[in-house]
2 protein chains.
Amino acid sequence: MTRYPDLDSLAVLLLVARKGSIGQAAEELGLSQPSVSRRMVALENAMRVQLLHRTRQGTVLTPTGRVVVDWASTLLEAADDFRRSVGALQAQSAVSVRAAVSMTIAEHHAPVWVARLHRTSPDYVVSMEVHNSREVADLVSSGAVDVGFVESPTVPKGLRRRRIGWDVLVLAVPPGHPWADRGEVTAAELAAVPLLVREPGSGTRETVEGALRRRGLTMTVGMTMASNTALKSAAMAGIGPVVLSELALHAELGSGQLVRVEVSDLPLRRPLSAVLRATERTPPGVTALLSVVGVRPDRPPRGPSAPRPSA
Amino acid sequence: MTRYPDLDSLAVLLLVARKGSIGQAAEELGLSQPSVSRRMVALENAMRVQLLHRTRQGTVLTPTGRVVVDWASTLLEAADDFRRSVGALQAQSAVSVRAAVSMTIAEHHAPVWVARLHRTSPDYVVSMEVHNSREVADLVSSGAVDVGFVESPTVPKGLRRRRIGWDVLVLAVPPGHPWADRGEVTAAELAAVPLLVREPGSGTRETVEGALRRRGLTMTVGMTMASNTALKSAAMAGIGPVVLSELALHAELGSGQLVRVEVSDLPLRRPLSAVLRATERTPPGVTALLSVVGVRPDRPPRGPSAPRPSA
DNA sequence: ACCGCGTCATGCACACAGCGTATGACGCGA
DNA sequence: TCGCGTCATACGCTGTGTGCATGACGCGGT
């Protein structure tokens with residue numbers, strides 16, 4: 001089995017580096033000094049790299065160790081974001097902000113937002129539910145949640161909407177595909193081939209269908225899968241072209257595993273919106289969340305600025 | 001102890017999701033079916049979230065599970081990058097590309113490059129040593145490594161250089177600091193206050209010193225630390241202003257823990273360069289590495305394009 | 001010169017988590 | 001009704017991680 005690094009040990013390494021002493025790190029962790037000492041030995045053995053320089057006056061990082069610590073701290077930050085995001089799913093009590101989000105937003109934006117809110121206002125605890133766009137709107141209407149985030153262009157009556165950015169959909173094919181060299185196709189060509197798409201009701205799918213319908217075209221469904229990751233794998237395996245959020249395809253497009261193909265005469269983008277009850281005054285937690293998301297407190301004259309996918 | 005998620009279990013979860021069956025995932029992993037079953041139960045208990053829907057016909061993800069799987073896959077990608085980067089430090093045998101890099105590049109660029117090279121050309125194995133700029137040049141000259149990456153503006157004779165981008169240095173202070181509100185200071189003001197800097201010989205430090213010297217000024221050394229992370233912590237604690245690569249400060253500037261201050265009359269940037277032996281023909285592994293780094297095969301008419309800090 | 005303090009490493013015993021084997025419960029289809 | 005495939009549970013073992021006790025060593029005060 002491909003062994004992944006033990007994040008707990010990496011966290012201990014960071015603490016040892018910061019304290020400059022194995023014993024002091026152990027004390028802060030509530031562990032014994034020998035335990036931490038052996039953990040560091042085990043870590044060095046696993047990595048086959050000398051990380052620490054032990055002296056009688058304490059323990060300092062080797063040059064290699066400094067680099068590893070830096071890499072480890074970014075990895076641990078990613079793990080923290082993951083942990084906090086999962087924590088928001090637990091729908092527990094003592095929550096300051098109750099949010100409902102649609103799938104694409106949950107997958108790609110929510111972790112960034114939760115992390116940002118935690119860094120700027122650590123006191124707020126977010127609870128988050130994942131639903132499709134219609135359900136999100138219902139949850140906001142009924143008062144089950146305080147705020148919703150959706151990709152669909154319209155919202156029901158009684159709710160007000162704040163534009164928070166754009167989600168750009170991208171057509172992608174594997175490198176060998178005939179379209180890969182052309183780099184551009186027409187909407188009619190796109191409609192003619194079986195496409196890999198999400199299940200019915202998904203915002204991504206409806207956006208594509210709607211855009212084609214406005215051109216008088218109908219989407220040809222190739223294979224339906226309920227997960228973006230599965231769709232990407234299928235596309236890479238050459239099953240067919242796929243249309244997904246640019247954010248979902250970021251890694252694959254960057255590494256060349258998939259190639260972006262422009263659709264010349266089809267606007268494949270959709271607004272990302274926050275959804276709130278029109279009548280009510282927004283609670284402070286929601287305001288804080290909206291501000292880290294990129295929405296100014298009240299009806300601002302600011303253009304749409306897509307939030308960066310984070311580091 | 002703050003428990004981090006177990007990456008191995010997350011990897012198992014991804015496999016279960018892909019296979020649609022606990023037993024089949026177990027077989028692929030060379031584990032027993034009960035073992036994987038228990039692991040998934042443990043994972044769900046730890047997260048306090050229902051991830052899987054078990055039927056007699058197999059196991060599928062719950063909607064929540066799909067989101068968690070997506071988050072987990074990005075976390076695992078980060079972990080893979082970490083693992084590969086650490087692997088490159090092992091200086092083992094059977095290596096296709098031997099590189100030497102300076103600290104800032106090792107910390108912020110190298111993991112991205114290693115990951116990208118792995119995705120485009122998985123056969124190449126990179127070995128990497130971390131040294132300061134002068135040592136990197138020496139290692140290339142002597143033939144100990146095939147290619148070097150440095151931040152310094154000059155290279156010794158006998159070596160040729162390829163510009164691969166720019167590293168922008170940023171002056172940063174904590175939010176309470178008087179400079180934080182002003183947003184801009186002069187080079188003379190910067191030179192007058194004790195600065196948090198890296199140890200002598202560091203490229204970051206020399207760049208600042210050199211830029212000030214060209215203005216007829218001398219840097220005032222406040223506190224010297226051998227690690228960027230330590231410097232950031234010190235700056236956030238209010239010990240003093242710090243000048244570091246924009247990449248190193250990305251997270252802190254984004255979350256508002258540190259505030260960027262412009263230095264009006266001081267160009268705080270330095271070129272990132274690949275360093276090669278002038279006489280020799282470059283081996284194929286080096287060419288592949290340079291191409292993922294952003295250098296075209298041979299003397300291209302392309303402007304500098306800073307590579308993105310990765311996802 | 002010496003002794004105490006702080007540093008890290010090692011030896012030993014124990015607890016627990018994770019694993020495999022064996023077995024049970026259940027639904028689907030022949 | 002029976003066989004097959006699914007997942008869960010029970011039991012015993014092994015290995016890893018832990019704490020406690022102890023040892024080795026340098027530095028600095030007395």
Side-chain angles (χ1 to χ4, degrees), chain A residues 1-62 64-66 68-69 72 76 226, chain B residues 1-62 64-66 68-69 72 226 230:
Chain A
M1 169 151 180
T2 25
R3 192 98 196 134
Y4 278 96
D6 173 24
L7 296 185
D8 289 315
S9 294
L10 292 181
V12 174
L13 172 66
L14 258 68
L15 190 61
V16 170
R18 205 164 64 233
K19 289 280 174 185
S21 156
I22 290 181
Q24 287 175 30
E27 191 177 4
E28 175 143 339
L29 288 167
L31 292 175
S32 70
Q33 172 267 320
S35 176
V36 173
S37 173
R38 275 189 297 254
R39 257 190 122 99
M40 293 300 98
V41 172
L43 195 62
E44 287 176 313
N45 288 340
M47 294 188 176
R48 308 184 161 282
V49 160
Q50 187 72 22
L51 298 172
L52 299 172
H53 185 232
R54 292 127 168 117
T55 71
R56 306 295 159 186
Q57 282 69 44
T59 299
V60 295
L61 290 170
T62 62
T64 303
R66 280 201 291 275
V68 170
V69 160
L76 288 175
Chain B
M1 169 153 182
T2 24
R3 192 98 197 133
Y4 278 96
D6 174 23
L7 297 185
D8 290 314
S9 294
L10 291 181
V12 174
L13 172 66
L14 258 68
L15 190 60
V16 169
R18 205 164 65 233
K19 289 280 173 184
S21 156
I22 291 181
Q24 287 176 31
E27 191 178 4
E28 175 142 339
L29 288 167
L31 293 175
S32 70
Q33 173 266 321
S35 175
V36 173
S37 174
R38 277 189 303 254
R39 260 190 119 101
M40 294 301 97
V41 172
L43 195 61
E44 287 176 314
N45 288 340
M47 293 190 178
R48 307 185 161 282
V49 160
Q50 187 71 22
L51 298 172
L52 299 172
H53 186 231
R54 292 130 167 114
T55 71
R56 306 293 159 187
Q57 281 69 45
T59 298
V60 295
L61 289 171
T62 62
T64 303
R66 281 202 290 274
V68 171
V69 160

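Chain letters run A, B, ... following the sequence lines, proteins first, then strands; residues in each count from 1.
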Can you measure [X] atom [atom1] to [N] atom [atom2] for me and round it to whole angstrom units?
X	N	atom1	atom2	answer
B:His53	D:dC7	NE2	P	12 Å
A:Leu29	D:dG17	CG	P	15 Å
A:Arg39	D:dG19	CZ	C1'	14 Å
B:Glu27	D:dC7	CD	C1'	15 Å
B:Asp8	D:dT16	CG	P	14 Å

At 4.0 Å (heavy atoms only), tell me whether B:Ser35 reaches a base, stays on the sugar-phosphate, or touches nothing.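 B:Ser35: backbone/sugar contact only, no base atoms under 4.0 Å.
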
Show me, pair by pair, the donor-acceptor contacts under 3.5 angstrom made by side chains of residues 40-51 of chain A, not counting sequence neighbours?
unit_1  : atom_1 : unit_2  : atom_2 : d
A:Glu44 : OE1    : A:Arg54 : NH1    : 3.0
A:Glu44 : OE1    : A:Arg54 : NH2    : 3.0
A:Glu44 : OE2    : A:Leu51 : N      : 2.9
A:Glu44 : OE2    : A:Leu52 : N      : 3.0
A:Glu44 : OE2    : A:Arg54 : NH1    : 3.3
A:Asn45 : ND2    : A:Val41 : O      : 3.4
A:Gln50 : NE2    : A:Leu52 : O      : 3.0

Report yes if the side chains of B:Leu7 and B:Leu10 come closer than 4.5 Å at any heavy-atom pair, otherwise no.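 The answer is yes; the side chains approach within 4.5 Å.
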
Is the shortest heavy-atom distance from the side chain of A:Arg66 to the side chain of A:Val69 under 4.5 Å?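 A:Arg66 does not reach A:Val69 side chain to side chain.
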
Please output the side-chain donor-acceptor pairs of residues 19-29 of chain B that fall under 3.5 Å, not counting sequence neighbours, one pair per line with the distance.
unit_1  : atom_1 : unit_2  : atom_2 : d
B:Lys19 : NZ     : B:Glu28 : OE1    : 2.8
B:Ser21 : OG     : B:Gly23 : N      : 3.3
B:Ser21 : OG     : B:Gln24 : N      : 3.1

Rounded at 0.5 Å granularity, tell me how far OG1 in A:Thr59 sits from NE2 in A:His53.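 Reported value, rounded in 0.5 Å steps: 9.5 Å.
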
What is the minimum heavy-atom distance between A:Tyr4 and B:Asp8, and which atoms define it?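 Heavy atoms of A:Tyr4 and B:Asp8 come nearest at N-OD1, 3.1 Å.
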
Give the B/S/- string for nucleotides 6-17 of chain C, one per nucleotide from 5' to 3', where a protein heavy atom under 4.0 Å of the base yields B, of only the sugar-phosphate yields S, and otherwise -. -SBBBBB-----

